[in-house]
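Data first, discussion second: the structure below is written as structure tokens.
These numbers come from the heavy atoms of this one structure, side chains and all, not from hydrogens, waters or symmetry mates. Protein chains get the first letters and strands the later ones, always in sequence-line order, with residue 1 at the start of each. No experiment lies behind these values; they were computed from the predicted model shown.
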Amino acid sequence: MSDRNPRMLDNDEFMLETSPRELTQNPLRKIWMPCRNGHIAHRRVCMTNCPTIIVTVGLPARGKTYISKKLTRYLNWIGVPTKEFNVGQYRRECLKIYKSFEFFRPDNEEGLKIRHQCATSALNDVRQYLSIEGGQVAVFDATNTTRERRGTIVKFAEQSGFKVFFVESVCEDPDVIAQNIVQVKLGSPDYIHCDTEEAIEDFMKRIKCYESSYQPLDEVLDRDLSYIKIMDVGRRYLVNRVMDHIQSRIVYYLMNIHITPRSIYLCRHGESDLNIKGRIGGDSGLSARGREFAKSLGEFLQDQNIKDLKVWTSQMKRTIQTAESLGVPYEQWKSLNEINAGVCEEMMYEEIQENFPLEFALRDQDKYRYRYPKGESYEDLVQRLEPVIMELERQENVLVVCHQAVMRCLLAYFLDKTADELPYLKCPLHTVLKLTPMAYGCKVESVYLGVDSVNTHRDRPENVNVQRTTEDALGTVPLHF
Amino acid sequence: MMRGCSSRPKLAQNQDRAVCMTNCPTLIVTVGLPARGKTYISKKLTRYLNWIGVPTREFNVGQYRREFVKIYKSFEFFRPDNEEGLKIRRQCASAALNDVRQYLTEEGGQVAVFDATNTTRERRETIIQFAEQNGFKVFFVESVCEDPDVIQENIVQVKLGSPDYTNCNTEEAVEDFMKRIKCYENSYETLDEVLDRDLSYIKIVDVGQRYLVNRVLDHIQSRIVYYLMNIHITPRSIYLCRHGESELNVKGRIGGDSGLTPGGKKFAKKLSNFIQSQVISDLKVWTSQMKRTIQTAEALSVPYEQWKVLNEIDAGVCEELMYEEIQDHYPLEFALRDQDKYRYRYPKGESYEDLVQRLEPVIMELERQENVLVICHQAVMRCLLAYFLDKTAEELPYLKCPLHTVLKLTPVAYGCKVESICLNVEAVNTHRERPENVEVSRMSEEALLTVPAHQ
């Protein structure tokens, strides 16, 4: 929605225009925009009026970085440019070598000075990102355990015209904390040269350094701040003064995520009749090989011995046929339907090139934002898949039987892929991806179930110019019958 | 997203398996002193859940009391030492719970909202046991507020007009009600962070300034929390209208992406005048991504936001056809649509039911916003209107949303005031009533009887 164009009217000029302007449809995104003398006057649609800085609060090993990274990944996926700034990283770059918890002692003047400098440096980068680089949200990830430090950040935000939203994580469950240390601290650069026992001992002492000065967000003293306090890994939440849409979405997201171990299985339907013919879209049934895959999928799942597996499909025949073969209940989601190719539905790439060479070229130029005439774009897909992602976050073990473009979108969310990478992610038929959340990311296991199929992946050709030859356009079309 | 189902999860063998939001029914229980917005929340939540397809009903114990006691004399009825009163109130609560059980176990209800003060731990414990015995989940919604202005406003908006006070003047009513509140205050045990840590609940403090959320157990509770955290009571108005008359409109064709006719452009100008005359503070304007709504908004000379989800219903293979052509080429489809216009999905297109699902984020954002003008389309406007006016799935697809008419919706008391403003620019009629004969075997004439005139 934010087209960069040489001649953009700003809001003031926009408001001065009195006569109704002509509309022109952007050829790539199929968005109607007013134009005057061929120039586009385009208003960005903002989720927020001004940038937001999310500030984490909490003792070490309370999941602040986990939350920061996950939130950043989610916001970027839904199209809100977000970046995290981990003060610990700055400290590691400044200090080079971590010796021991002594660095964090509250009476260590040298340490305090360095940590203060690192926080300042990070805030400067935040300002740069939000004011100059087009960022919308910055996640400032540090302990921020004193009211004084938070006051500094609030002032900084006020001066720069940013909104502030605090995310505090409070937890006293020793098991959770121990698990946290094992998962993400032992492997930290700080502890590369320590054995497990030494590392844990040092880290516990590190936590102690913060405890005496910790001032949690207070219902009374901090009643004018906007924040969410997450208690005991999501058992309880305190939400104060949610100011706008983005904060509301952030709260909703944070209240739906959990850390219970589980796996998400993603795969496409079995090979379909239209797949074999090299045609896109449509609502065809499975080919013989597709049915074979469905059977193998059933066997694979039984071997995996998954507890309480939920199975989701789209409302298209080929995914439902695949799920039917599993012999377990499944849920149909219309929002999991394949991308709507509009006028190109059921065409071969060769036919698209023949009938709509301009469209075909535009798609190669910007596959993420390109919208098929009377159809959808990957960008549209992400929007309609957001409730699926939200529910996947709530659930535990789930198998999603979907489609190529849909699977690319879901995968991009879990693997933090950019909008440019997303439409070219490889999601071949008859292959299951098993995603298991691990530390700050996601482990991916790719399981090919050994049933042959056509390849439906078309790489971006070298020549994406509108005047390219047919050969250039069709150079990367995969084989089909 | 999901369509609610009114029965337990079915096996995959059934065609068109509805997706369940909850495994077992849920009982939402309000908690709070009088005049804290419990009934407002109950009714709004019920309306929202029904609109997204979750069969929900509210059970207001005060109603049961009014039916029982017939004539309300004074606050004395609610005195904690009034044995007779206590007995009646307990009976009313039991009667209401029985109806809840009936609704959730026999009538296919998914959610029941039990609206009463429920201010003591003892009363809430009774309800929990009742729910456990019947296999219902319980979710408490407590409203806590000590702001005297808010309470005063509440009393003026919804208590003065209550059947309890028809024969009182304002001063008497307010005085009596304040004493009524006092009757509850001594025994009020608010949901406690420690004592009630095993319960699932949301505590709303000071009309949404702060929320405490404890143990959200499932999807529906998560959606309820999200909804409650987005609503507000700041006075505002929502304006709904369609685009100006379009080229395809005058040809009697549905869908497509055509531009405005001269009449449509005239409407857009008048809309601009109208909006200016309303002197609306901070009006947000939303359109779809179709040319005709954007052209309409352009005439307003104010910034507007384009939402793809506000696009008109996708008529699939019937896009840009006249009803006569649909009858000609797809008589079966045409009949099926008349049989169940809400659930009917065009081949390669959408149903009204699909529309509601994709409009849910619009409704959520409308709840967050204040003054908004939504320029949209016939089917879309019907869906939005049905939400605000609590229309059923059967009524929704036949709501009248004529061209060149603005509906101004202003929340008032427990509902919505509607003002219909026709901007006096002629336009075709695009409203097709349900014909008498919806049988597949019907004749063309019968099918096309209710098609509105066009060029």
inquiry  = Let me confirm one number: the CZ-OG distance from A:R21 to B:S301, rounded to the nearest 0.5 Å.
reply    = 7.5 Å
Region of A:E345 that comes under 4.5 Å of a non-hydrogen atom in chain B = neither
ask   = B:K203 versus A:L238: any side-chain heavy-atom pair under 4.5 Å?
value = no
Sub-4.5 Å side-chain heavy-atom contact between A:S248 and B:R368 = yes
query = Quick one: does B:R210's side chain get under 4.5 Å of A:V239's, heavy atoms only?
reply = no
message = Given heavy-atom pairs under 4.5 angstrom as the criterion, report whether the side chain, backbone, both or neither of A:R241 touches chain B.
response = both
request  = Report the distance from atom NZ of B:K308 to atom CG of A:D380, rounding to the nearest 0.5 Å.
outcome  = 4.0 Å
message = Is B:N230 close to chain A through its backbone or its side chain, or both, or neither, when contacts mean heavy atoms under 4.5 Å?
response = side chain
ask   = What part of B:L260 is in contact with chain A, defined as an atom under 4.5 angstrom from a non-hydrogen atom: side chain, backbone, both or neither?
value = neither
key: Under 4.5 Å from any heavy atom of chain B - which part of A:N337   = neither
message = Could you check whether any side-chain heavy atom of A:Y252 comes within less than 4.5 Å of a side-chain heavy atom of B:V225, counting everything from C-beta outward?
response = no
message = So B:D257 and A:Q25, do their side chains get closer than 4.5 Å, heavy atoms only?
response = yes
ask   = By a 4.5 Å heavy-atom criterion (distance strictly below it), what part of B:Q369 contacts chain A: side chain, backbone, both, or neither?
value = neither
query = Is it the case that A:Q383 and B:R358 place a side-chain donor and acceptor less than 3.5 Å from each other?
reply = no
ask   = So do B:E193 and A:R236 actually touch side chain to side chain, heavy atoms under 4.5 Å?
value = yes
message = Quick check on B:K265 against chain A: is it the side chain, the backbone, both or neither that has a heavy atom closer than 4.5 Å?
response = neither
ask   = Would you call B:R223-A:E391 a salt bridge at under 4.0 Å N-O?
value = no
request  = Pick whichever of A:R235, A:K229, A:K30, A:M390 has the most heavy-atom pairs under 4.5 Å with chain B.
outcome  = A:R235
task = Check the surroundings of atom CG in B:D198: do more than 12 heavy atoms from other residues, nucleotides or ligands lie under 6.0 Å from it?
result = yes
key: Residues B:E353 and A:K334 bridged, charged N to O under 4.0 Å   = no
Toward chain A, the part of B:K291 with a non-hydrogen atom under 4.5 Å = both
query = For residues B:Q289 and A:R371, is any side-chain donor paired with an opposing acceptor at under 3.5 Å?
reply = yes
remark   = Whatever's closer than 4.5 Å to a heavy atom in chain B on A:M316 counts as neither
